[in-house]
Each structure stands twice: as C-alpha cells, then as structure tokens.
Amino acid sequence: MATMKKCFFLLFFLTMAVLWADVWHVHYRDAKAASRKGNWLVVIGHIEKALQDSPQPKYQKKTYGLDFENYFPYYLMGLAHFRLEDYEKAQAALNKSLEFGEVLKDAALAGEVGRMLKECRRLQTQNPELEPAIRESQENSPDQALDKAATESGDFPDALLKQSPPLTQPTPQSSQVRDDTRQKIVDTWMAEAQLLRQQRLFKPAMEKYRAILQLEPRQPQARSGLELVGMLVVREHYRTLLRYFFSGETAAFAEGWREGIAYAEGMGQKARPLMGEMTKLMILSRIRQSLYENWSLKRESEVLDELMSRLLSLRVDPELSPGYFWSPKLVSRYGEHLARCLGKSERR
Amino acid sequence: MKRLLMFFVMIVMSGLPVSLWAQEFPIPVDDANPLGDYTNYNGGVGSGARAFGMGGAFIAVADDASAASWNPAGLAQLERIECSFVTRYQSNTKAQAAVLNGRDSYMGAFISKSAGYNIDFASITLPFRIGNIKLVPQFSYQRAVNYRISAAGKNIHAWEYLRLEDGSLLRMDGIINKESHSRKGLDMVTFSIGSRLGRRISFGFSVNYWFNGLTHSLTSTGQHDVWTDEVKEGFTIETRDRVEADFKMTGFNVNAGLLLTLSEKLRVGLVYKSALNADIHYRYFVGVKQDLLLPDQSRIKVADLNFVDVRDSGFIDWPWSVGMGLAFNPVEAMILSADFTFNRWSKARFRHFANIFKVSETDPPYVDVPFPVVDLNQTDSWQARMGAEYVIITRGLLLPIRAGAFVDRQFFYDINQDPVVFYGFTTGFGFKTKRVALDLALVYQTGRFMDNINRAAPGALTDLRLYSSLIIFL
C-alpha cells in the first residue's frame, strides 16, 4: 500500500513536470528580468512562450489579482534580436510592434522603435541577400534621390526650359568674335550660376543656367546644373512642407503641397520619390485632422488603432514612387509626433 | 398557590434554554441574539473584503491572499509572497412584531440589537519553485463562525394564558429585559497548497483544523404579574435567570478546488469542502432566582437553584458543501462573477448530546426537546451570489470599486414549514499600490420569518457587516 502511494505521488509529480507551463505574464516578467541582465537569448525564449499563451499585446493587461502590466512582447523581442544583431528578425518584430500599436502611448519607446528600425535598415546592408531591396529603398529616399539626380544621365526635364525668361544679354556679331565671346560669356555665366547655387539662391541660378542654354542649347554642364537646381528646389518644397506639417500650419501646408507637387511633376521621373514623400505627408495631415475632429467620439485606443492601421497601410501611388516604402527616419518622427498629438488631445 | 408558582416557574423558564439550543444547530440563538450567526453558515465559505465586496462570488476569481478560503486552486495564480489580515465588524437588529405563540401566549413588539468585532482571516502565502514546477502554499487562520457578539433586548412585554388541570385559567403579564454576551467562535487553521497542470488547469488542496468554540452567557430579568381565577388580585414575581454555555470542538476536514481557464476572458471554479466530524466538549448551566413581591411590598424568596449544570462530550457532523463559480472579464479592468454553493445541512447532526437535557430522571425539564438529534427537520441550504469589480487605473495607483448581491437559503424552516431565505447586497472599494492593497466591503443582509420553535418569533432581521482587508506584497 505504501509503495502504491509512493508510486502515485511520483506519477503525479512527473505528470505535473511534463504538463507544467507558466502563463504569459510569468514569461513576460522573466523576459524583462533577463533583458535587464542582457540575456537576450533568454528574453527571446520567454517571449516566444508568452506569445504562445497570449499573442495579443495590450496596454495595461491584467495579470492576476489587481496587477496590471503593459504587455509589449514584440517590442521586447525586437530589442532582443537587435542586440543580438539579427536585424532582419528585429525589423520584423519591431514592425509588428508598430502594427499592434504597442508603444504608441510612450513617446520615448516609439522613438526608440523608430531609431532601431532605422539602424536595422542601415546595418542590414551587410546582409547580401537583402542588398537589392535595401539599395532600392536607399535610392528612393529623398537625399539619395537627389544625389542620384545630380550624377545620373537621363531625360532632361523640358519643363525647366519652358520656364525660361527671354534672354536679355547682348548677342555677339561676327562668327569668330561670337565664338570667342560666347565661350567667355558661357564660362562667366556658368561660374555665376554655380556661385548662386552654392549660395542657395536657386531662382537666379536657374535663370543663369537657362540663359546659357539659350546661347548654347546642348551645353551639358548647364543642363545638369539646371536639373540639379530643379531637384534642390523640389527638396526645398519638401522641407517647407515638413516644417508646415510639424508646426500644424494646415492652410500653408495645403498651399505648399499643391505648389510642390506641381513643380515636382515638371521635374519628371527623378522627382518621383520626393513627390511620394509629399503625398504621404498630405495623407498624414488628413489623418491628423480626423484625429482632432473625431477625438471626442472615440475611445483613445480605437483612435490609436485606426491611426496606426492607416499609417501602416499607407501606400503611395506606384506611379508616383515605384517600390517606395517608409524611411526609418520618417517612421520615427511620425511616431514621436503622433504621441505628442495624443498628449495634447488628452490634455484638452 | 404552590402549584401555581410551580407552573409559573416552568412557564417563565421554559423558553430560554430551549431556544438557546434547540433549533439553530449548533449555535445558540436566543431572543436577545436573534440572528446569531446564521449569516456565517453559508456566507462563511471564504473571507476577504475584496471577495465580499463582489457579493462573495469569488470561487472562479480567487486570485488574492484570501484565495484558499474560497478555492484553494486559486493559489496557483499568486506570484509574490503575500500577507493578509482581514477584520470584520458585525451589527444586527431584530425588529419583532407582536406575536401570538399558539393561542395562549403573547410577546410584545420589541427591537433587540447586537454587535461585535473580530479578526476574520489572516494568512501568509509563500510561492516557490521546484525545478520548473511552481507550488504555492499558504498558512492561514479563519474564523468560520463568529460568536463574538453582545446583544440586548429591553422592556419586552409578554403575557400568557395557561389552562390548568382543574379548568381554571392562569394569566401572566410582565416585562422582560435580556442581555447576552458571547465570545470566541469556530476557528480554523489551514494549510493549503495550489499548483497548475498546464496553462489552463489549476488545482489546490486545503487541510483545515477546526478548534475553539463558544462561551455564552445570558441574563434575563423580569417582573411578572400573575393571577388566576382563584386569586383575583394576583401578585408579582421577580425573576432573574442566568444561562451559561461553554462549548469547544476540534476536528479536521479538507477542501479541494479546481480552476479552469477556458479563455483569457472566462474561468470556471469548482470547490468541494468535506464533512467535518468534530469532537465537542461542553458545559451547560442554567440558574434561576425568583422572588415573590407581595402587595405590601414585602419580598419572599421562591427559588434559588442551579437548574441545569452538566459537563459532557459528544460529536458534531458538520455538513459537506460544493460550490461552482464563473468569472468573466469583458474588458481588462472588469470582472463579472457568479457563484453557487450547496451545503448538505440536512445531514448535520449532534450525537451523544442528550445528557444536557436529562438533569433528573424523575423531573426532566424539557421533555419535548428533540435531542439527541438536534433537528431532523433541517433542510439543505444553498447560496447564489453574483458580483462585479471595476478597477480605475491611475498613475501608480489602482482604485477598485465593487458591487454584488446574493440569495441565501437557510437550513431551517419557518413556522409554516417553508424554507427561510435571506437576501443581501454588498458594495466595496479599495486601493492598491505596488506593495499594499487595502479594501473595504459592506454587506447588508435581511430576512423575514416566523420561528417555528422559539416563543419569540422574529419579524424582520437585518445584518450589517463591514470587512476590511490589508494585503502586503513582499
């Protein structure tokens, strides 16, 4: 009888040992503890188990009794992969974190997620498999697109020439004198145009380039100079729009957007990435407007969910920007900005 | 005259000890302490202000330091060392209407009140792990049934007719004052342990050692004018009764519980509490002093005797009970819960308890008392409870608010042989920081019934209990 009892208890404990599984908040707590110690592999193990039990992240999720905890497993998993330099998985987890809106209520965390994503994209260049996609994204980012436009040969945007004012410079008389004089004039105007461009006086610089092209329509340096200044003007439009967007000057933003898009359209294919950025800013501006207008009608979490889903599902017209996706810098800035917007709305 | 006095003594005395022990097993409930601790017999399934704030619907919730008292399986949820301390203040009132007891006696309307304060529960929970298995043991003390209460009924008007053997009528008219004091209670020290099978099933066991008991004293004083057909002018008798009871019991029973997590939002709890076969030791004393006051104000001592004075031992069969609960979280900060418990009171018995009432072979004073079995006419009792909790989350502080209601069917019948039902409402609130949780709960319970044995039949009974819980997280 005593042996049977012993066997029963042994069997019972063996069953417990086999079937034992902790609940999500125990694993999540252990993951957080491991992250404080820098045991990132342990963090990943616990988070995976926590997600098996409770896959839905939640702000102030109940654990037991009267205990609540912010359950952000994807953020923690992204952080762990990032520290382990597994940038592809880190990026996937962090994107999921954004998708679930885990860290939107915390501007600092949102900023951190943005920074990590940016770093992931930068550091992933070391991964040969991802190189084509990364290169494409980098080529399409605003700064890179500008550099590319400056160096790449392609169709010259005729719109730039159409804006040329009538030539007011004196015309040389004899052909020999004309050739010598023309060359000197072209050299002088070219130097003046470059100086104006360096001083960021884009309109006078463009006029100078156009004058050269009226004198010598195939002049290559003038053509590339005019094109570059045109792209710089587009970038100026974009920067102005960014300033209006973050300062909340809605009317100025709308006016600036129309001007910017009209100008960029004239610049042809090379200006497409910047047009895409401008368009995304416009959509975001409208989302923000709807956030302010509908704030009192919805719960905070619903507004956040909607906002985040719209943000992430945002796709720029492929005609405007083929293959373009969010730049890490912008995601980070939008995250911080949205958190600030929410803070203001709560105070209101 | 002598015969008349003898009748008088029997009549005046007969109600007191019978009502003390006869019906409300195993608690003495007397005219001055009408509700006694009825409220504990079903309600005593657990403890804690948080639980009672939710109407006592806690079997499927059971996730704080009071878990073991409701469902030991709930212990498996606890992660931190927790110490708890629960106190209870109880106040009840009997508003009794004028009652005719049979055809020939009358008890005037009166109100009696009682109140008491006691430590209801204390525990320490110490979760630990063996390998990857978590075990959560708890050591606790619980007052299962509270007797620490004082009561008083003043200026109770009573009169009675009694047809004597020769056909003449004896009439009695008087004023009675009663005062009772009870101490102690039925206490438990418990060792519980909870653990988990997988993520969805938790289980737990408790072993309860019952001890302590009751010390009760009742003093009743009255002045009665008595007259018969023969004695037209009548006379006054001054009576002073003293009843003392001392009752101790010890025994073991076990509880077993199961908690099933059906989804993140829905849980089911089941609990079984085994029967308790307890040894009891008791002393029972009734003393009577009577003086006859004559019209010329002179006083004659009629009686000064210890009517009953016995010490003996016996057994109690305390009933088993089962309970089931549901808990639903519609949102993270809210719990809705409902419980049902069933107590097999029809099988509860006193055994070997007859000696109290056999003072003398030749002159047994209470021949009609249904001992040695206390009351075969008891019925099974049940309780349906429901409640809700909502937690307001502020910066660094949690503010829970609670409300609940319950229906409590008692184990005894009223004078019409209908089951007696009490109704109750509860509310509570508290706050919790990282280290401390403090909760308060108010329980209001009321019932109306006509007692089928007591001469003094209660009209409306109200019971108010205030629980306070302090939990410290280490």
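Just so you know, these numbers come straight off a predicted model, no measurement behind them. Letters go in sequence order (proteins before strands), and every chain restarts at 1.
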Inset, instruction - Measure distances from B:Arg267 to the heavy atoms of chain A and classify the residue's part below 4.5 Å as side chain, backbone, both or neither. - result: neither

Legend entry - Other residues, nucleotides, ligands: >12 heavy atoms within 6.0 Å of B:Ile124 CD1: yes

Legend entry - Sub-4.5 Å side-chain heavy-atom contact between A:Lys49 and B:Arg199: yes

Inset, instruction - With chain B as the partner chain, list the residues of residues 60-70 of chain A whose heavy atoms fall under 4.5 Å from it, by residue number, and write 'none' if nothing qualifies. - result: A:Gln60, A:Lys61, A:Lys62, A:Tyr64, A:Gly65, A:Leu66, A:Asp67, A:Phe68

Inset, instruction - Please identify each residue that fulfils salt bridge (Lys or Arg N to Asp or Glu O under 4.0 Å) with A:Arg29, with sequence neighbours left out. - result: B:Glu79

Legend entry - Enclosure of B:Phe425 CZ (heavy-atom neighbours >12, cutoff 6.0 Å): no

Inset, instruction - Would you mind listing every salt bridge (charged side-chain N to carboxylate O under 4.0 Å, His left out) that reaches into residues 72-83 of chain A, with sequence neighbours excluded? - result: none

Inset, instruction - With sequence neighbours left out, write down each residue that passes side chain to side chain contact (heavy atoms under 4.5 Å, CB included) with B:Asp339, or none if nothing qualifies. - result: B:Ala57, B:Ile59, B:Arg385

Legend entry - Neighbour count >12 (heavy atoms, 6.0 Å) for atom CZ, B:Phe429: no

Legend entry - Side chain, backbone, both or neither of B:Ile335 within contact of chain A (heavy atoms, under 4.5 Å): side chain

